[in-house]
Each structure stands twice: as structure tokens, then as C-alpha cells.
Amino acid sequence: MNTDLLHRLLDLGPDAGPVELLQRARGLRDLPYLVLAALAREDVRMGEHARAELRRARDRSDCYARLAGELADATGVRPIRDLPLAGYYPADLPRPLGELTLVSPTEAALWQAVNRLVTDHPVESVEVALLGDRPRHTTVTLRWPAEDPLLDPWYQVRLGTAALTGDPETVPVRPYLAADDHVECLIALAEEGLGRPFHPGDVLDVSQLAGQPFEPVETAAVVAAYRLAPETVALLDLAAAHVPLGPLAGVRTVLEAEVGPELRRRTTTRPLRPRHGTLLRRTVTRHEWDEAVLLPSGAATLLLTPVADYLLGPAGARPTVSERAAAHAALRAWDALAPGVAAPASCTGLSEPRHR
């Protein structure tokens with residue numbers, strides 16, 4: 001990959017210089033760092049500020065790689081999407097990593113990983129959401145400031161007990177990913193199309209995957225089973241306008257027959273209503289808890305986790321003053337329980353903390 005491809009992806013003429021290229025990349029997630037890396041690869045003259053920005057991006061990627069390795073060894077969580085995709089890029093053109101996404105085999109392992117992150121890093125926000133009831137899946141997003149919080153995006157780590165959370169309206173949660181790394185990366189990349197339009201960075205990812213040994217019929221069958229035929233076709237069509245698809249061209253051809261059936265299936269699905277947590281308080285880390293506790297509070301539900309307590313509600317809904325007051329009263333009642341007591345009787349049938 002060279003800057004010629006970046007010019008085409010960013011709709012710039014061949015006469016546009018490095019300044020125009022970088023300015024056009026600003027505002028597109030992670031792409032400015034890749035542009036800087038491509039310019040450095042071609043020995044384009046740049047000042048210390050640009051080199052420092054590129055150095056911080058590389059430090060961020062190295063940090064995420066270390067975190068993923070340490071958490072995998074300690075808890076069994078493993079990276080998906082961005083970090084594995086970075087493994088397909090050449091060493092002198094590192095893929096920027098805006099966030100680290102991890103999937104956990106169990107809720108207990110997820111909270112073990114969260115505990116380690118909160119203990120080892122200056123985490124300033126911990127966002128939680130629940131998907132479904134039985135089975136219930138948990139997602140947690142942690143954020144803390146970058147070295148230069150005014151210039152660089154904050155560190156962000158997303159953990160979930162489901163690899164693919166889908167679209168609450170049409171595509172169900174799928175807990176696991178495919179066995180082959182390159183197929184897994186294609187599926188995780190296509191999943192992004194459920195929540196946002198594809199962008200030039202996605203095309204660059206496809207260009208790095210295109211040299212892998214995709215078997216068209218088998219890969220298309222796996223993609224269709226993961227309910228992502230429409231998104232994968234859209235992604236590959238976008239990429240085909242800029243880069244050779246290699247074996248992925250055959251995957252695209254076979255997938256054509258799967259798009260219609262998947263779109264029809266989506267018209268018959270029952271929507272899933274995720275519940276998002278509004279932070280009530282951060283707590284002293286409850287190291288003895290393996291799982292979170294659901295605590296009914298009138299018409300609402302509280303989520304007590306090993307690191308913070310939340311009021312659950314629909315996405316985008318802000319609790320009223322009275323709802324917050326009732327939630328805090330329920331927390332005070334919980335706090336009055338003797339230390340070490342398990343979840344109250346009102347939690348029967350819901351998750352309770354199991355002591356190690």
C-alpha cells in the first residue's frame with residue numbers, strides 16, 4: 001500500500017501533496033496515523049510534531065498489544081477485530097488502533113479483566129450494557145486519558161461476553177467467532193457495517209486480507225451463518241472499486257445468493273432491547289465477586305458490579321430525579337446488609353455473586 005491508494009480513497013487528485021492528504025484524513029477514525037506512517041515510509045519530510053504524533057500512535061498500539069497478551073494469560077479473554085487485523089499489515093506500515101476489543105469466555109473472566117484494568121490504569125469511565133435475559137450478555141467499555149489528552153483519543157477497551165453483538169432490531173447476538181483467523185477478521189469487519197457506514201480505513205483492511213487463502217464457498221457459508229451477507233457484500237463492493245480482492249472476489253460472487261434471504265429474515269425478527277447502565281457510583285473494587293448482581297428497585301433494576309453500580313434503562317433514556325433518588329435509597333439498603341452476605345432474597349433467580 002502506498003500514498004497513491006490513500007489519494008484515491010480520500011478522493012484527492014495525484015497532485016495533492018502530503019498536507020492535503022493529512023488534512024483530508026483528519027476526522028476519519030485512526031486514518032491520520034496511517035497516513036503519517038505511509039508518508040514516513042516514503043521518506044516524506046515531516047517535523048517533530050508529526051513524528052511525535054506518529055510515535056504516540058505506535059506507543060498506543062504497543063500498549064494495546066501488551067494489554068491483550070497480559071489479559072489473555074491472566075483471564076482467558078482474547079482480542080477480536082482491530083488487534084488481529086493489525087497483524088496483517090506490514091511492520092513498516094502499522095495499522096493504528098483506536099481501541100482494543102476483547103471477548104470473554106465467561107462473565108467471571110470479563111470482570112476479572114475489568115478489575116485488572118481498573119487497578120492498573122487511571123480509568124475514568126466504565127460503561128456497562130446488558131443484552132438479553134437468558135442467556136444474558138454483558139458489555140463493558142473502559143476509558144482513560146491518553147498521554148496528550150488534548151491531541152490524542154483516550155485509551156478505550158471494550159470487553160464483552162459475546163463476540164458479535166449484532167443489531168438490536170434485526171441481527172441477533174452471536175457469542176463466538178469463526179476458527180480461521182482471516183475469516184474471523186472479515187466477519188468482525190463486516191459486523192461494523194451494522195452500526196455505521198464503511199469508510200476508507202475498512203477498504204485498507206480488506207486490501208490486507210485479500211492475500212489470504214479464502215475458500216469462496218466455505219467462507220460464504222460461514223458469513224451467511226453469521227447473518228452478515230448484506231454487510232460483507234457492501235464492504236467488498238466498496239473495496240473492489242479501489243483494490244484487487246484476490247480470493248475475496250470469489251467470496252463476493254457466492255454471497256450474492258445469500259443477501260436476499262438474509263434481508264427477508266430480518267423482517268421477521270423480534271427486536272432485542274439492550275439495557276444501558278447509568279452510573280450511580282464507583283465502588284471499592286469487589287475482588288471477591290465473580291459476577292454482577294441484578295437488584296430490583298421498584299419499577300427499575302440496579303446492576304451492582306465488581307467496580308461500580310448502575311441504574312439500568314433503555315438506550316438513550318435519562319433517569320428522572322425521583323428514579324435516581326429511589327436507586328440511591330436501594331443502594332443504601334444494600335449497604336446496610338452485613339459484609340459477605342450474598343444477594344438479597346429479591347434477587348432470587350437472578351445472578352448472585354459467588355465467593356471464591
Side-chain angles (χ1 to χ4, degrees), residues 29-30 33 37 54-91 93-129 137-149 152-165 175-182 184-185 188-189 191 205 208 282-292 305-308 353-356:
R29 192 188 75 161
D30 300 338
Y33 305 115
L54 183 57
R55 184 169 59 251
R56 292 196 303 272
R58 287 172 172 160
D59 289 345
R60 173 191 302 274
S61 297
D62 291 343
C63 175
Y64 282 148
R66 288 194 305 272
L67 277 180
E70 293 167 358
L71 292 174
D73 292 340
T75 69
V77 302
R78 70 179 183 89
I80 58 175
R81 203 186 66 199
D82 292 323
L83 186 57
L85 278 167
Y88 292 96
Y89 279 69
L93 193 68
R95 183 188 191 274
L97 298 178
E99 65 181 21
L100 175 63
T101 305
L102 304 165
V103 62
S104 175
T106 64
E107 185 182 340
L110 179 146
W111 289 116
Q112 289 168 13
V114 170
N115 281 338
R116 291 179 67 94
L117 290 168
V118 169
T119 300
D120 297 342
H121 301 277
V123 173
E124 291 199 10
S125 73
V126 184
E127 300 174 3
V128 177
H137 287 285
T138 304
T139 66
V140 181
T141 303
L142 303 96
R143 301 179 70 244
W144 64 90
E147 176 185 345
D148 190 332
D152 299 323
W154 284 24
Y155 286 93
Q156 181 163 289
V157 180
R158 297 181 184 272
L159 302 100
T161 54
L164 303 172
T165 56
Y176 309 107
L177 272 175
D180 292 331
D181 290 344
H182 55 288
E184 176 180 298
C185 284
L189 190 57
E191 176 86 355
D205 286 336
Q208 303 305 311
R282 290 282 293 270
T283 67
V284 175
T285 303
R286 296 157 170 157
H287 291 287
E288 73 278 11
W289 284 24
D290 286 335
E291 295 182 356
T305 81
V307 297
R354 293 196 298 268
H355 303 290
R356 288 196 279 271

What side-chain donor-acceptor pairs closer than 3.5 Å can you find for residues 156-163, not counting sequence neighbours?
| residue | atom | partner | partner atom | Å |
| --- | --- | --- | --- | --- |
| Gln156 | OE1 | Arg143 | NE | 3.2 |
| Gln156 | NE2 | Glu99 | OE1 | 2.6 |
| Arg158 | NE | Glu99 | OE1 | 3.0 |
| Arg158 | NE | Glu99 | OE2 | 3.3 |
| Arg158 | NH1 | Thr141 | OG1 | 3.3 |
| Thr161 | OG1 | His137 | ND1 | 3.1 |
| Thr161 | OG1 | Thr138 | N | 2.9 |

Exercise: identify the closest heavy-atom pair between Val118 and Arg282:
CG1-NH2, 3.8 Å

Close side-chain approach of Pro90 and Gln208, heavy atoms under 4.5 Å
yes

Write down the atom of Leu54, the atom of Tyr33, and the distance for their closest heavy-atom approach.
CD1-O, 3.7 Å

Check Leu71, Leu110, Thr75 against Ser104 for a side-chain contact (heavy atoms from CB on, under 4.5 Å) and give me the one that passes.
Leu110

To the closest 0.5 Å, what do you measure between CZ (Arg81) and CG (Asp205)?
10.0 Å

Leu100 side, atom CG; Arg66 side, atom CZ - distance, nearest 0.5 Å
12.0 Å

Can you measure from CH2 (Trp289) to CG (Asn115) and round to the nearest 0.5 angstrom?
11.5 Å

Donor-acceptor under 3.5 Å (Tyr64 side chain, Thr101 main chain)
no

Set out, in order, the CA-CA distance, both residues' side-chain angles and the distance that settles side-chain contact (heavy atoms from CB on, under 4.5 Å) for Leu67 and Leu117, then state yes or no.
CA-CA 9 Å; Leu67 277 180; Leu117 290 168; 3.9 Å; yes

Identify the heavy atoms of Ala308 and Arg286 that sit nearest to each other, and give their distance.
O-NH1, 4.5 Å

Would a distance-only check, ignoring hydrogens and angles, find a side-chain to backbone donor-acceptor pair under 3.5 Å from Tyr88 to His182?
yes

For Cys185 and Leu85, which heavy atoms make the closest approach, and how far apart are they?
CB-CD2, 3.6 Å

Within this structure, what is the CD-OH distance for the pair Glu147 and Tyr155, rounded to the nearest 0.5 Å?
7.0 Å

Applying side-chain contact (heavy atoms from CB on, under 4.5 Å), name anything that partners Thr119, two or more places apart in sequence or on another chain.
His287

Can you measure from CD (Glu184) to CG (Leu189) and round to the nearest 0.5 angstrom?
12.0 Å

Among Ile80, Leu164, Leu177, which one satisfies side-chain contact (heavy atoms from CB on, under 4.5 Å) with Val103?
Ile80

Side-chain contact, heavy-atom cut-off 4.5 Å: Glu291 with Thr106?
no

Closest non-hydrogen atoms of Pro94 and Ala91, given as atom of the first, atom of the second and distance, are CD-O, 3.8 Å

Once side chain to side chain donor-acceptor pair (under 3.5 Å) is applied, do any residues pair with Arg56, and if so which ones, sequence neighbours excluded?
Asp152

Could you tell me which non-hydrogen atom of Val77 sits nearest to which non-hydrogen atom of Ala109, and how far apart they are?
CG1-O, 4.1 Å

Are the side chain of Glu107 and the backbone N or O of Ala292 linked by a donor-acceptor pair below 3.5 Å?
yes

Euclidean distance, Thr165 OG1 relative to Glu191 CD, rounded to 0.5 Å
5.5 Å

So for atom CD, which belongs to Glu124, do other residues, nucleotides or ligands contribute more than 12 heavy atoms lying within a distance under 6.0 Å?
yes

